[in-house]
Amino acid sequence: MGDHLKNTREWIRHSSNKDGDINNAEKTHFFGHHEEEDHEHMLFTKEELTNPKELAKAMKVKIPLYVPIFNWIKSYSKEDLIGDILSSITVATMLVPQGLAYAVLAGLPAIYGLYSGWLPLVIYSFMGGCKQLAVGPEALLSVLLGSILGGYTSPPTDMTLDDYLVSIALTLALLVGIVSFLFGVCQFGFLGGILSRWVLSGFINAVALIIAISQLDSLLGVRANGHNSETTHSSASASASASASISESVSSSMGEIVTGGTSNHHPGPYEKFWTAITNLPDSDKTTVILSAGCIVFLVGMRFFKQFLVRKMGWKNAKYIPEILLTVILTCVITAIFGLDRECIKLEHDENKCVEQGSGVSVLRYVKGGFPSVGFPSFQANTIQELLPQAFLIVIVGFVEATAVSKGLATKHNYQINSNRELVAFGVANILGSIFGSYPVFSSIPRTSIQDMAGSRTCLSGFITSCLLLITCLFLTRLFYYLPYCAMASIIFVAAFGLIEVHEALFLWKTRSWGDLIQFSIALLATFIFEVEVGILISVGMCIFLVLKHSSSPHVYSVLGRVPNTNRFKDVAKFPEAEPIEGILLVRIDEVLYFANIGQFKQLLSEIERMMDRSTNVTGSGSTPLQSIIINVVNIPVMDASALLTIEEMVTAYHKRSVKVAFVQMSEKIKESFKQSGLYDIVTPQYIFDSNYEAVSFLEQSINYNNNDSRQVNLNMPPGDQSYDDLNNNEVGGFDQPSSSSRFNNQHFLNNNNNNNNNNNLDDDDYQGNSYNNSNNNGGGAILSDGLKLEDYSEPESDEFIQSSNQKSKK
């Protein structure tokens with residue numbers, strides 16, 4: 001598709017320049033990205049890597065493409081700065097509590113949620129292309145990470161469980177960055193379109209339900225085995241047990257250190273839901289009340305802000321940070337009223353304590369400061385285990401990011417390059433893993449807030465990262481009394497925000513049963529089984545659907561002759577089109593390659609059998625198949641499999657005395673035919689510029705063989721001499737060639753006594769003759785590669801057929 005766009009762009013530029021330099025500025029803007037598109041195919045060519053001067057020139061051109069800040073910072077204005085500052089403050093007030101909560105959801109110490117929102121934001125602000133995209137921790141990838149970390153419960157003897165989980169998470173972030181970077185360099189941005197919208201929607205809905213159910217223990221205050229038992233507590237150990245609540249048993253609850261190993265049983269969400277309900281009598285009443293209050297406040301504030309905006313006309317109400325207010329209010333209430341559980345400090349570690357009695361579990365000690373710098377562990381066995389997970393995270397994260405970023409680019413009228421976005425995410429995760437970040441992509445809710453808050457450029461992400469770093473260095477002690485049930489409430493409400501009931505309702509309303517089945521399979525597979533299994537089934541189903549469509553597409557159209565015209569139309573769309581005696585005219589509508597060439601071969605055989613069966617049943621005595629015409633106007637290129645299969649087909653047809661001709665062949669296809677030897681097998685006399693030319697020539701051959709009445713010269717004149725004997729008129733009225741013409745169509749002579757002056761035969765193939773006289777070798781607009789943009793013998797016009805038939809009746 002890239003060649004078509006490039007050729008079309010050059011054609012438009014050439015046409016635009018003919019009109020002079022009027023509105024030159026707008027034209028420059030419209031074509032302003034063509035140089036970027038030309039340079040995006042490879043990071044550096046072989047010539048550039050071997051020649052220092054060429055490498056320097058390439059870097060000068062390509063560095064601004066992959067680091068866009070060099071382009072937009074030159075035109076940065078005061079208005080941009082004001083919008084970026086306001087949006088960054090708004091997003092930071094949302095990101096700080098969300099980061100803490102999502103780290104706990106992932107099974108890591110809470111501080112790593114802030115680390116994950118720091119450096120990746122800095123990198124993306126320099127390398128990212130979407131000006132309003134909020135990069136950092138989010139619910140979907142956090143629950144995926146928590147599910148992965150749930151399988152790592154046996155740390156080495158020289159590491160604690162907390163350090164071991166952090167090490168695994170950072171290694172996974174490094175792999176995600178490497179995979180994303182390589183995908184971008186290798187131009188795999190098209191992967192954003194692999195996942196069906198409905199499969200992705202079903203998967204996200206299932207994950208949202210899993211996230212919501214995984215928070216029930218914290219919302220209800222249910223602890224080990226459903227009882228309010230004594231637990232050893234710290235920020236890190238609490239986070240590790242949160243991971244266990246996602247992918248292990250409910251008994252591995254938040255705040256508990258499980259001695260004697262962990263259970264190998266991995267309950268599904270439905271089991272966790274049932275366990276939480278059955279343990280409801282053992283829940284902590286204070287925690288339940290506080291959780292309910294947080295959920296009601298968060299949901300109520302959303303409706304209240306909408307009321308203020310729509311009814312009261314206060315547009316700035318949308319910037320009210322209800323999440324930050326929830327954190328502040330719960331911390332103050334817990335501290336003032338002493339709602340937290342009694343905590344007895346351990347002698348050997350002041351940052352750990354034993355919680356006893358009833359009450360609310362709080363975050364307590366958050367080890368802040370600048371993140372420790374170090375390269376993640378790179379052990380071979382760990383890499384082998386995590387690499388498949390890294391691929392899945394990249395696909396899911398990138399598809400989600402692509403969906404929101406392209407929507408914003410369309411809204412604000414700028415362009416997004418998927419491959420360069422992959423490179424930006426890759427670098428952000430690679431460098432982030434060195435500074436304590438787990439895998440991150442974009443957050444849809446924060447992106448929406450950042451856009452509404454007036455973000456103008458990617459600098460808003462940089463300012464947000466600075467605020468986050470200040471929080472890590474100086475403000476972590478303020479979260480000492482932050483209840484886990486408050487963070488669970490934030491996650492719970494965010495999870496329900498991911499549920500898209502309207503998607504399923506739309507499929508039901510439109511009766512799209514196939515898409516609804518895809519949606520249901522992805523949802524049930526992810527919900528019933530583990531998240532990783534759901535991803536594999538969802539991605540596998542999408543790949544299967546793509547391959548199925550690719551291997552059995554509508555690769556052809558059978559063309560018939562419209563009565564009393566020289567036009568040839570798709571018989572499936574125009575049943576009035578008549579079959580051509582002894583000739584099968586087929587137009588290939590899709591690119592032929594290894595996945596569908598076998599299907600095309602089988603389709604030709606099926607059509608031939610149907611034609612023979614119809615002749616035998618009707619007893620019409622029609623001429624058996626003697627010629628096949630293949631119109632290849634829509635094919636820009638063929639791979640080796642297609643060329644070899646076509647060669648085998650042509651050879652087999654020749655052995656049966658069936659002629660094979662090709663119509664409207666581009667120069668690229670013709671060159672491929674010559675290199676493969678297929679050009680000599682077909683022979684140049686059976687390569688035509690139009691359907692009419694091919695049909696006329698082969699009909700004469702059929703009539704000669706059937707009647708054996710006179711000698712017919714079957715050698716076609718070459719190139720632009722094909723129509724020298726024809727009298728070409730303007731579009732809309734053409735004279736038929738006389739009976740003495742070398743291209744006299746015997747079929748028309750038998751049916752039309754007055755066809756010498758029949759001006760209603762408005763055959764677009766004749767329009768091509770005027771192009772031939774201009775040395776363009778055939779009809780149609782031609783690009784630089786010789787590919788015709790349009791098959792003139794197949795216009796989609798019912799009006800023409802009706803008018804032609806009316807004229808013929810007169």
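This structure is a prediction, so every number in the text was calculated from the model and none was measured.
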Student: Relative to the ring of W513, is the ring of W508 parallel (under 30°), tilted (30 to 60°) or perpendicular (over 60°)?
Tutor: perpendicular

Student: For the CD1 atom of I537 and the OG1 atom of T526, what is their distance to the nearest 0.5 Å?
Tutor: 7.0 Å

Student: Does the T278 side chain pair with the main chain of T275, one donor and one acceptor, at a distance under 3.5 Å?
Tutor: yes

Student: A side-chain contact here means heavy atoms from C-beta on lying under 4.5 Å apart; do V327 and L100 qualify?
Tutor: no

Student: Locate the shortest heavy-atom distance separating S443 from P137; write the atom from each residue and the value.
Tutor: CB-O, 4.2 Å

Student: Evaluate the side-chain proximity of S283 to T287: yes if any heavy-atom separation is below 4.5 Å, no if none is.
Tutor: no

Student: At their closest point, which heavy atom of A317 faces which heavy atom of V309, and how far apart are they?
Tutor: CB-CG2, 4.0 Å

Student: Checking D84 side chain against T457 main chain: does a donor-acceptor pair fall under 3.5 Å?
Tutor: yes

Student: Can you find a pair of side-chain heavy atoms, one from V591 and one from P636, that are under 4.5 Å apart?
Tutor: yes

Student: Under the 3.5 angstrom rule, does the side chain of S214 hit a backbone N or O of I211 as a donor-acceptor pair?
Tutor: yes

Student: Give a yes or no answer on whether the side chain of T464 reaches the backbone of A92 with a donor-acceptor pair at less than 3.5 Å.
Tutor: no

Student: Specify the closest pair of heavy atoms between P97 and I490, including all atoms of both residues, with the distance to one decimal.
Tutor: CB-CD1, 4.2 Å

Student: State, with a plain yes or no, whether a side-chain heavy atom of L325 is found less than 4.5 Å away from one of I320.
Tutor: yes

Student: Let me confirm one number: the CD1-CG distance from I499 to L523, rounded to the nearest 0.5 Å.
Tutor: 9.5 Å

Student: Compare all side-chain heavy atoms of I635 with those of L592 and state whether any distance is below 4.5 angstrom.
Tutor: yes

Student: Heavy atoms only: give me the nearest A642-I597 pair and the separation to one decimal.
Tutor: CA-CG1, 3.8 Å

Student: Decide yes or no on side chain to side chain contact (heavy atoms under 4.5 Å, CB included) for V135 and F425, but give the supporting numbers first.
Tutor: CA-CA 9 Å; V135 177; F425 284 124; 4.1 Å; yes

Student: Please report the closest heavy-atom contact between G128 and C458, naming both atoms and the distance.
Tutor: O-SG, 3.8 Å

Student: Do W198 and F506 have side chains that get closer than 4.5 Å, going by heavy atoms?
Tutor: yes

Student: Under 3.5 Å, is there a donor on one side chain and an acceptor on the other for E421 and Y124?
Tutor: yes

Student: About how many Å separate CG of D217 and CG of N279, when rounded to the nearest 0.5 Å?
Tutor: 8.0 Å

Student: Less than 6.0 Å separating the ring centroids of F304 and F297?
Tutor: no

Student: Please determine whether side chain to side chain contact (heavy atoms under 4.5 Å, CB included) holds for the pair H412 and K131, giving the CA-CA distance in whole Å, both sets of side-chain angles, and the decisive distance to 0.1 Å.
Tutor: CA-CA 9 Å; H412 295 283; K131 300 175 183 179; over 6 Å; no

Student: Looking at side-chain heavy atoms only, is the closest gap between L105 and Q215 below 4.5 Å?
Tutor: yes

Student: Kindly say whether the aromatic ring centers of F492 and F496 come within a distance under 6.0 Å.
Tutor: yes

Student: Please answer whether the main-chain N or O of R587 pairs with a side-chain N or O of N634 as donor and acceptor at a distance below 3.5 Å.
Tutor: no

Student: Under a 3.5 Å cutoff, is there a donor and acceptor pairing between the side chains of Q450 and S460?
Tutor: yes

Student: With rounding to the nearest 0.5 Å, note down the distance linking CZ in F391 to CG in L175.
Tutor: 9.5 Å

Student: Which pair of non-hydrogen atoms, one from A173 and one from N429, has the smallest distance, and what is that distance?
Tutor: O-CB, 3.6 Å

Student: Look at the side chain of T90 and the backbone N and O of L86, then say whether any donor-acceptor pair between them is shorter than 3.5 Å.
Tutor: yes

Student: Working to the nearest 0.5 angstrom, can you tell me the gap between S87 OG and R446 CZ?
Tutor: 13.0 Å

Student: Name the one of Q518, H502, E503 that satisfies side-chain contact (heavy atoms from CB on, under 4.5 Å) with S201?
Tutor: E503

Student: Applying side chain to side chain contact (heavy atoms under 4.5 Å, CB included), run through C130 and Y414 and close with a yes or a no.
Tutor: CA-CA 9 Å; C130 185; Y414 59 88; 3.5 Å; yes

Student: For the backbone of V199 and the side chain of S538, can you confirm whether one donor and one acceptor N or O come within less than 3.5 Å of each other?
Tutor: no

Student: Set out, in order, the CA-CA distance, both residues' side-chain angles and the distance that settles side chain to side chain contact (heavy atoms under 4.5 Å, CB included) for F527 and I213, then state yes or no.
Tutor: CA-CA 11 Å; F527 186 78; I213 292 174; 3.8 Å; yes

Student: State, with a plain yes or no, whether a side-chain heavy atom of F441 is found less than 4.5 Å away from one of V396.
Tutor: no

Student: To the nearest 0.5 Å, how far apart are CG in N631 and CD1 in I588?
Tutor: 8.5 Å

